[in-house]
Amino acid sequence: MRLDVSAMENSFTGQVNDCAGLFGAGADMPGMELPTCTDFDGFQKETKELMKNKKGTTTLAFIFDKGVIVAADSRASMGGYISSQTVRKIIEINPYMLGTMAGGAADCQFWHRNLGIKCRLHELANKRRISVAGASKMLANILYSYRGMGLSIGTMIAGWDEKGPGLYYVDSEGARLVGTRFSVGSGSLYAYGILDEGYRFEMSVEEAGELARRAIYHATFRDGASGGCVSVYHVGPNGWKKLSGDDVGELHYQFYPAQVTPVEQEMADAPAA
Amino acid sequence: MGRFDPYENNGGTCVAIAGTDYCVVAADTRLSVGYSILTRDHSKIAHLADKCVLASSGFQGDVKALQKNLSAKELVYEHNHNKKMSCPAMAQLLSNTLYYKRFFPYYAFNVLGGLDSQGKGCVFTYDAVGSYERTGYSAQGTGAALMMPVLDNQLKSPSPLLLPARDAVTPLSESDAVDLVKDVFASATERDIYTGDKVEIVVINRSGSHRECIELRKD
C-alpha cells in the first residue's frame with residue numbers, strides 16, 4: 001500500500017520563492033529514505049537495537065465526572081542504563097489536548113508534534129477545534145500505514161471537546177481503543193492495581209489527582225524501568241492544567257514515613273550502661 | 001560472506017555543561033575502529049552557528065554527513081529569515097533531521113550546546129533517532145556511563161517537572177565548569193579504552209567562543 005509520507009515532506013519544497021533549486025538542500029528531501037535490502041524487518045530490528053528505547057515507563061489516564069486525569073513518570077532507560085530522569089512524557093498537543101509517551105521517545109515526540117500541527121491546520125481549515133476522536137483517528141491512521149516498520153508508540157490521547165471528556169488509546173500496531181481507564185508501559189500492571197481499586201466515577205479533582213499520583217508512585221516502586229518524577233495533569237472544559245509534580249524518592253516518605261528502629265536505640269544506650 | 005554493514009562505532013565521548021551565561025562543550029579527539037586507533041587528532045565538534053555548537057560521537061562518517069547537512073540548512077535559514085539560527089531552533093532542526101532518517105538512522109549520539117535567545121546557557125541531549133530534551137548538562141558516547149554519575153553528583157538540580165517549581169542549585173562559574181570537564185575526561189580516560197589522547201574544550205559566552213585542547217592519556 002502507498003506509504004503516507006506527507007508528514008515527512010519538507011516545508012522548503014512548498015515555498016513560493018523556492019530556494020530548493022539554489023542549494024538542493026530542500027530538493028533532496030522527498031520523504032523518508034529506505035535502506036536497500038530484502039529483509040526490511042530484520043534490518044529494522046537490528047537498527048532498533050542501536051537505539052534501544054524500550055517501553056520502560058508508566059503512564060495512565062482515566063475519565064471521571066469532572067474531566068480526564070493524565071499522569072506519567074519521567075524515567076527513560078536504554079537497556080539497563082538510565083538515560084534521563086527528567087523526560088516529559090505528557091506532551092501538550094494543544095491547550096485542550098494531551099498525549100502520553102510510551103515506547104520510542106523519538107517516535108512519540110515526533111508524531112505528537114506532527115499531530116499538533118495537523119490539529120492546528122484542521123482548526124484553520126474548518127474554523128473549529130478538532131475532536132479527540134478525530135485527532136486520535138488521524139494519528140492511528142498514520143501509525144497504521146507504518147505498521148511493521150518498527151515504530152514503537154503506545155500513547156493515550158486525552159482531551160475535552162464538544163462531546164465532553166475524551167480518551168483514546170493508540171499504538172504503533174494500529175490499535176485505537178476508546179475507553180475510560182488506561183495504563184501503558186512496563187509499570188502499567190502495578191498502576192492498574194491501585195487505579196482499579198480506588199476508582200469511582202464521582203470524585204473531586206484533588207481526589208482523582210491523588211489517586212493517579214499514588215498509582216504511578218506504586219508502579220515506580222516496583223518497576224525498575226519507571227521512576228523520576230510523577231506528573232499529574234487534569235483536562236477540564238477550559239483545557240489542561242498541571243496538578244502536581246513530585247519526586248518519587250521524596251513521595252515515598254510521605255506514604256511510608258521513616259521510623260526509628262529499636263536496634264539503633266539499643267546501640268545508643270549501650271555505652272552509658 | 002554476510003551482508004554489508006553500513007555502520008561502525010568510532011568511539012569517543014562528548015560532554016556539555018550549561019551555566020547562567022556560558023556553555024561548555026567538550027569532546028575527546030580519538031578516532032578508533034575496533035582495537036585500533038586511526039588518529040589521535042580528530043575533532044568531533046562542529047560550530048553550527050555563532051552561539052551554537054554540536055558535539056557528536058558514534059560513527060564519524062554519519063557525523064560528518066549530519067554536520068554538513070545542518071550547516072547547509074542553517075545557511076538557508078539565514079537567507080530566508082535574515083538572522084542566524086538560535087540554539088533552541090537548531091535543536092528542533094537537529095531532532096527533525098535525525099527523525100527523517102528514522103528507518104536508516106544516523107549513528108550519531110549528539111550533544112548540542114550554546115546560548116538561548118536570552119543569553120542563558122542551554123544544552124540539548126539526543127538519542128540516535130532524534131528524541132531530545134533540554135538539560136543543564138549531558139554526556140554521550142562510549143564514556144558517557146562513566147561520566148554521568150560524576151556530573152550528577154556535582155551538578156544535579158531539582159527536576160524541572162516539579163510543581164511547585166524549585167530553584168535550581170547555584171550553578172558553577174565558567175572556570176569551575178571547565179575544570180570539572182577536565183576532571184571528568186581524565187576519569188573516563190582511565191576506564192574507557194575509546195576515550196583519550198586529547199580533549200577539545202569549547203566555551204561559548206557573550207563575547208563569542210573560545211577553544212582549548214588539553215592532553216589526556218594516550219594508552
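To find a chain, count down the sequence lines: A is the first, B the second, and so on, and within it residues start at 1.
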For this session: Could you check if a side-chain atom of Asp247(A) sits within less than 4.5 angstrom of a side-chain atom of Ser159(B), using non-hydrogen atoms only?
Result: no

For this session: Return the option, out of Val87(A), Asp107(A), Leu243(A), Asp246(A), with the maximum number of heavy-atom pairs under 4.5 Å with chain B.
Result: Asp107(A)

Seminar exercise, completed: Separation between CG (Asn96(B)) and CD (Gln109(A)), nearest 0.5 Å, reads 10.0 Å

Problem set entry | side chain to side chain contact (heavy atoms under 4.5 Å, CB included) between Arg102(B) and Phe110(A), worked out | CA-CA 10 Å; Arg102(B) 170 64 176 77; Phe110(A) 183 90; over 6 Å; no

Exercise. Checking Ile82(A) against chain B: side chain, backbone, both or neither under 4.5 Å from a heavy atom?
Worked result: neither

Seminar exercise, completed: Cut-off 4.5 Å, heavy atoms of chain A, and the answer for Tyr126(B) is neither

Problem set entry | Heavy-atom contact with chain B under 4.5 Å, split by part of Val230(A) | neither

For this session: Run the numbers on Phe103(B) and Leu151(A) for side chain to side chain contact (heavy atoms under 4.5 Å, CB included), then give the verdict.
Result: CA-CA 9 Å; Phe103(B) 299 123; Leu151(A) 292 187; 4.0 Å; yes

Seminar exercise, completed: side-chain contact (heavy atoms from CB on, under 4.5 Å) test vs Leu161(B) passes for just one of Arg88(A), Gln85(A), Lys89(A), namely Arg88(A)

Exercise. Would Thr86(A) and Glu133(B) count as a side-chain hydrogen bond (donor to acceptor under 3.5 Å, both in side chains) if you check the C-alpha gap in whole Å, the side-chain angles of each, and the deciding distance to 0.1 Å?
Worked result: CA-CA 8 Å; Thr86(A) 53; Glu133(B) 198 196 340; 2.5 Å; yes

Exercise. Within a reach of under 6.0 Å around CG of Asp5(B), are more than 12 heavy atoms found that belong to other residues, nucleotides or ligands?
Worked result: yes

For this session: Please lay out, stage by stage, how Asp127(B) and Ser83(A) fare under the test side chain to side chain contact (heavy atoms under 4.5 Å, CB included).
Result: CA-CA 9 Å; Asp127(B) 70 359; Ser83(A) 47; over 6 Å; no

